[in-house]
K.L.:
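My questions will all concern the structure given below.
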Protein chains: 2
Amino acid sequence: MVWDAWGIPAGHQPLSAQIRGLLAQVFGISGDPVVRRDEGDVPLRESALTPAQRDGLVAVVGVGNVSTDHHDRLVRAGGKSTPDLLRRRLDGLQDAPDAVVFPADHEQVLAVLAYCADNAVAVVPFGGGTSVVGGVEPDRGRFATVIALDLRRLDRLHAVDPVSGTATFGAGVTGPRAEELLAAHGLSLGHFPQSFEFASIGGFAATRSSGQASAGYGRFDDMVQRLRIATPSGDLELGHAPASAAGPDLRELFVGSEGAFGVLTEVTVRVRPRPETVVHQAWSFPDFATGAVALRAVVQAGAAPTVLRLSDEAETGLNLARSGDIGGGSVQGCLAITTFEGTRAHIERRVAEAEALLLAAGGAALGSAPAEQWEHGRFAAPYLRDALLDLGVLCETLETATSWSALAEVKAKVTAALTDSLSGQGTPPVVMCHISHTYPTGASLYFTVVAKQTDDPLTQWGIAKRAAGDAIVAAGATITHHHAVGTDHRPWLTAEIGELGVRVLRAVKRELDPVGIMNPGKLIR
Amino acid sequence: MVWDAWGIPAGHQPLSAQIRGLLAQVFGISGDPVVRRDEGDVPLRESALTPAQRDGLVAVVGVGNVSTDHHDRLVRAGGKSTPDLLRRRLDGLQDAPDAVVFPADHEQVLAVLAYCADNAVAVVPFGGGTSVVGGVEPDRGRFATVIALDLRRLDRLHAVDPVSGTATFGAGVTGPRAEELLAAHGLSLGHFPQSFEFASIGGFAATRSSGQASAGYGRFDDMVQRLRIATPSGDLELGHAPASAAGPDLRELFVGSEGAFGVLTEVTVRVRPRPETVVHQAWSFPDFATGAVALRAVVQAGAAPTVLRLSDEAETGLNLARSGDIGGGSVQGCLAITTFEGTRAHIERRVAEAEALLLAAGGAALGSAPAEQWEHGRFAAPYLRDALLDLGVLCETLETATSWSALAEVKAKVTAALTDSLSGQGTPPVVMCHISHTYPTGASLYFTVVAKQTDDPLTQWGIAKRAAGDAIVAAGATITHHHAVGTDHRPWLTAEIGELGVRVLRAVKRELDPVGIMNPGKLIR
């Protein structure tokens with residue numbers, strides 16, 4: 001990953017003339033993008049790792065696996081939210097972990113945590129580094145030293161059980177590598193979040209990630225069958241059956257624990273045969289409300305699409321749903337996309353059932369092309385954001401989920417909060433929204449916000465984010481559908497789970513991490 | 001509920017000549033059933049409730065809602081496992097809660113817990129009283145007094161959201177009452193465990209109950225959307241969206257918490273339209289292994305039956321799968337049952353898809369009658385057990401779940417453990433088994449054990465249960481698929497979640513119930 005932007009250098013392309021034209025027209029923005037600093041020129045806070053600490057960590061993981069190298073530290077300076085990237089574009093000293101430690105396996109993770117607990121070293125577990133909520137900030141807490149515990153060497157497919165449809169991965173396996181390893185067995189995980197190309201299996205579990213095919217494959221938390229966990233207090237193996245009544249499901253305490261209790265080192269997930277066929281369909285609805293009723297009918301009927309999403313009028317109009325053709329929107333109203341995967345025999349009737357429901361609810365069929373375009377460009381949006389940021393455009397996303405009956409109200413209130421808070425700063429935004437994940441009882445709402453940057457875009461977005469978060473909580477929705485709490489959503493966690501819920505999390509943390517070395521400041525303080 | 005047996009008096013019928021014949025033939029058992037004691041003749045441990053405690057509780061719930069009446073205490077003396085019922089058939093003093101308290105609502109529950117924490121009174125939350133794992137034992141822990149906190153007055157349907165498909169129930173609503181309340185809205189919960197007629201919504205959630213239609217409607221834990229919880233440390237409301245990434249899912253800490261952390265007072269669950277059509281199908285497979293492969297094919301294909309179950313050769317042979325016609329078995333091999341519910345249009349292709357898979361896997365279609373017979377008699381088995389116990393027959397069930405790949409081995413090992421441990425006591429058993437709940441990655445195994453009682457059937461079953469539990473744990477399966485931990489499964493909980501997992505549960509309990517009044521001895525000590 002590039003240290004101050006998304007992805008790999010080759011992914012970064014100049015903005016198209018079409019987008020430049022839109023930016024000039026809507027925000028009056030033109031001119032050249034800022035030139036970012038060369039990595040080597042970035043002044044970095046000096047490493048606080050003591051020689052004794054280095055020796056202690058080397059004794060666990062070996063001399064080649066403890067790094068205080070400038071590059072190694074810099075690329076683990078934090079995650080990939082817009083505020084993260086804006087901060088990295090600021091002049092001046094950058095903070096970063098004092099060292100990067102690369103354990104080889106579960107036992108080494110356990111030993112590193114034990115060492116760090118005994119020697120006052122904070123630990124930030126690091127997978128793909130794609131957090132957009134401050135989840136990998138190198139926060140030292142009350143300690144002088146913080147390390148990034150990079151899990152990339154936990155890169156194995158430990159076991160495949162094709163009969164039961166499960167596979168056990170090391171936490172550091174990335175999305176593409178997991179699919180590659182499974183493909184050799186004719187299997188697929190089917191987890192395709194926007195971070196897919198870089199994020200890791202451990203990160204998916206630790207943050208309750210949800211992929212774009214969640215209607216068919218489920219959220220990542222639904223896929224998790226078994227977890228192996230290393231904590232400063234020892235280790236756990238949880239999950240002995242597809243379902244159990246043996247008390248509380250402790251897996252659900254560690255899925256979403258964001259490294260605050262320990263490190264998920266091995267994850268057993270449900271896998272499926274690679275699909276024989278994929279059917280892509282695009283639909284147009286006259287408005288968002290009509291489209292939402294249609295999506296609800298499909299998911300409540302159990303018609304079982306793999307992907308089921310709906311862009312609102314603004315997103316459809318700008319054609320942001322199909323990032324290969326932004327601004328060239330030709331779809332009227334609201335664009336919906338369905339895909340179905342499986343054997344032809346299995347999906348045939350499901351496609352027909354969904355089609356009938358979507359048509360009956362007022363949809364018009366657009367054929368497969370717009371859906372294929374969406375799929376083709378679905379990992380590109382973060383690169384686009386970088387180009388916009390460089391040009392003085394503020395661009396960020398946030399998401400929530402709520403019941404079907406509250407969906408329209410939540411959408412309206414969050415849109416109003418974003419619009420009012422940014423307009424109040426003299427930068428009226430374009431706010432777009434789509435339903436990205438559907439459930440029988442409700443759906444997610446994913447907002448994209450674009451505005452001209454003020455002189456202080458960090459403060460500018462901070463005000464907007466606070467307004468949106470407050471609106472979400474006031475409407476009774478969740479502060480995050482698939483991006484975890486990190487540092488950025490912590491102000492609203494108490495509203496979500498109550499004072500007593502936070503006390504329960506603290507009690508669990510005290511038991512597992514009594515010294516408090518694990519990912520300080522994330523999830524709970 | 002009858003105090004010393006299952007259900008209501010009218011449900012108890014004499015054994016048929018057919019069953020009497022089988023018992024004589026297999027176990028050499030004949031003679032008359034024992035005559036059970038009249039409730040009024042049962043000597044009961046004197047209530048330890050002090051006048052001050054009575055006054056304190058009356059101040060919260062009102063004078064008519066604190067009872068030390070003989071009948072009220074006796075019918076809450078414990079649950080309905082075979083050991084429970086055997087103990088109640090013993091002569092001598094019976095233990096029971098010192099009082100029964102009937103709170104009206106969440107606030108009164110909260111106030112009762114606060115009073116009890118301040119005044120050293122242990123609290124056993126009591127719903128339908130159908131626990132088969134000792135979950136409602138009147139265990140006093142380190143206190144002199146224990147009350148049963150009967151939740152029957154929390155009997156309301158608080159809210160229905162037909163758009164989102166959710167309903168909020170008071171914890172004391174029973175299975176039939178929930179269906180009745182929902183039927184007025186054209187809705188159904190679809191949760192039909194064997195305890196359906198008596199058990200409560202709160203109990204379903206607190207024990208991770210799973211109904212016989214779980215293939216279609218899901219386990220009860222899957223249905224739970226939102227929980228309202230009263231604890232000695234205050235209250236919680238958890239669940240703001242159909243899905244969330246806002247940290248650990250604390251609902252999963254309270255679902256299955258068995259009253260050890262607090263009381264679930266209100267439960268919001270997913271509900272569905274009442275089915276337009278139900279299709280019943282019965283199948284015969286040459287053997288259990290072949291049938292299991294067939295069920296796996298159906299559930300992994302996503303053919304989505306509502307009920308999907310398979311009896312092994314022994315259960316099919318005795319026809320126990322159809323309790324209206326026990327001993328009259330005419331099905332060869334292994335009986336499987338599928339049902340499908342929904343609109344005709346929706347289920348048509350799913351029925352066809354499942355049929356094709358079952359036929360291809362070696363199944364023979366038996367028509368609908370055996371499946372309808374099974375459904376008709378599905379709540380009757382506990383009554384049958386009472387008649388057998390009275391005749392000197394030991395009869396009990398236990399269940400586990402494991403992956404598809406481990407299913408045959410787990411079944412063989414548990415069967416062997418039960419057979420060897422009972423044969424070793426001179427009472428060779430008949431051990432039967434069925435798959436009652438299926439998942440893409442595995443299934444449950446539900447065992448029924450019948451043997452001649454020894455002179456000390458409590459010890460006899462204790463030895464068999466210990467052997468079975470040890471075999472389950474040694475094979476890596478879960479100690480319980482849908483009956484919770486209670487007191488009876490506590491010896492194996494550490495094997496299931498590890499020492500550290502138990503420490504996590506204790507940490508949570510310390511935070512929520514620092515005095516330790518909540519359901520002493522259940523789940524964790």
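Quick caveat: nothing in here was measured; it's all calculated off a predicted structure. No hydrogens, no waters, no symmetry mates; every other heavy atom, side chains included, goes into these values. Throughout, a chain's letter reflects where its sequence line sits, starting with A, and its residues are numbered from 1.
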K.L.:
What part of B:Ala443 lies closer than 4.5 angstrom to a heavy atom of chain A: side chain, backbone, both or neither?
P.N.:
backbone

K.L.:
With a 4.5 angstrom heavy-atom cut-off, is it the side chain or the backbone of A:Arg503 that approaches chain B, or both, or neither?
P.N.:
both

K.L.:
Could you tell me whether A:Glu353 and B:Arg350 make a salt bridge, using a distance below 4.0 angstrom between a side-chain N and a carboxylate O?
P.N.:
yes

K.L.:
Quick one: what part of B:Glu496 sits under 4.5 Å from any heavy atom of chain A, side chain, backbone, both or neither?
P.N.:
both

K.L.:
With a 4.5 angstrom heavy-atom cut-off, is it the side chain or the backbone of A:Asp235 that approaches chain B, or both, or neither?
P.N.:
backbone

K.L.:
Rounded to the nearest 0.5 Å, how far does OH of B:Tyr446 lie from NE2 of B:His481?
P.N.:
12.0 Å

K.L.:
Hey, could you give me the CD/NE2 distance between A:Glu399 and A:His482, rounded to the nearest 0.5 Å?
P.N.:
4.5 Å

K.L.:
Report which part of A:Leu500 has an atom under 4.5 Å of a heavy atom belonging to chain B: side chain, backbone, both, or neither.
P.N.:
both

K.L.:
For B:His346 and A:Arg349, does a side-chain donor sit closer than 3.5 Å to a side-chain acceptor?
P.N.:
no

K.L.:
Counting only heavy atoms closer than 4.5 Å, note whether A:Leu512 contacts chain B via side chain, backbone, both or neither.
P.N.:
side chain

K.L.:
Tell me, for B:Glu258 versus chain A, whether the close heavy atoms (under 4.5 Å) come from the side chain, the backbone, both or neither.
P.N.:
side chain

K.L.:
Identify which part of A:Val485 has an atom lying under 4.5 Å from any heavy atom of chain B, answering side chain, backbone, both or neither.
P.N.:
both

K.L.:
Name the region of A:Leu505, side chain, backbone, both or neither, that has any atom closer than 4.5 Å to a heavy atom of chain B.
P.N.:
side chain

K.L.:
Any idea how B:Phe261 and B:Phe254 line up, ring-wise: parallel (<30°), tilted (30 to 60°), or perpendicular (>60°)?
P.N.:
perpendicular

K.L.:
Using heavy-atom distances under 4.5 Å, tell me whether B:Thr438 contacts chain A through its side chain, its backbone, both, or neither.
P.N.:
neither

K.L.:
Is it the side chain or the backbone of B:Arg296 that comes within 4.5 Å of chain A heavy atoms, both, or neither?
P.N.:
side chain

K.L.:
For A:Glu511, which atoms come within 4.5 Å of any heavy atom of chain B: side chain, backbone, both, or neither?
P.N.:
both

K.L.:
With a 4.5 angstrom heavy-atom cut-off, could you sort out which part of B:Ile497 is near chain A: side chain, backbone, both or neither?
P.N.:
both

K.L.:
Considering only heavy atoms, which portion of B:Ala495 lies under 4.5 Å from any heavy atom of chain A: side chain, backbone, both, or neither?
P.N.:
backbone

K.L.:
B:Thr166 versus chain A, heavy atoms under 4.5 Å apart: side chain, backbone, both or neither?
P.N.:
side chain

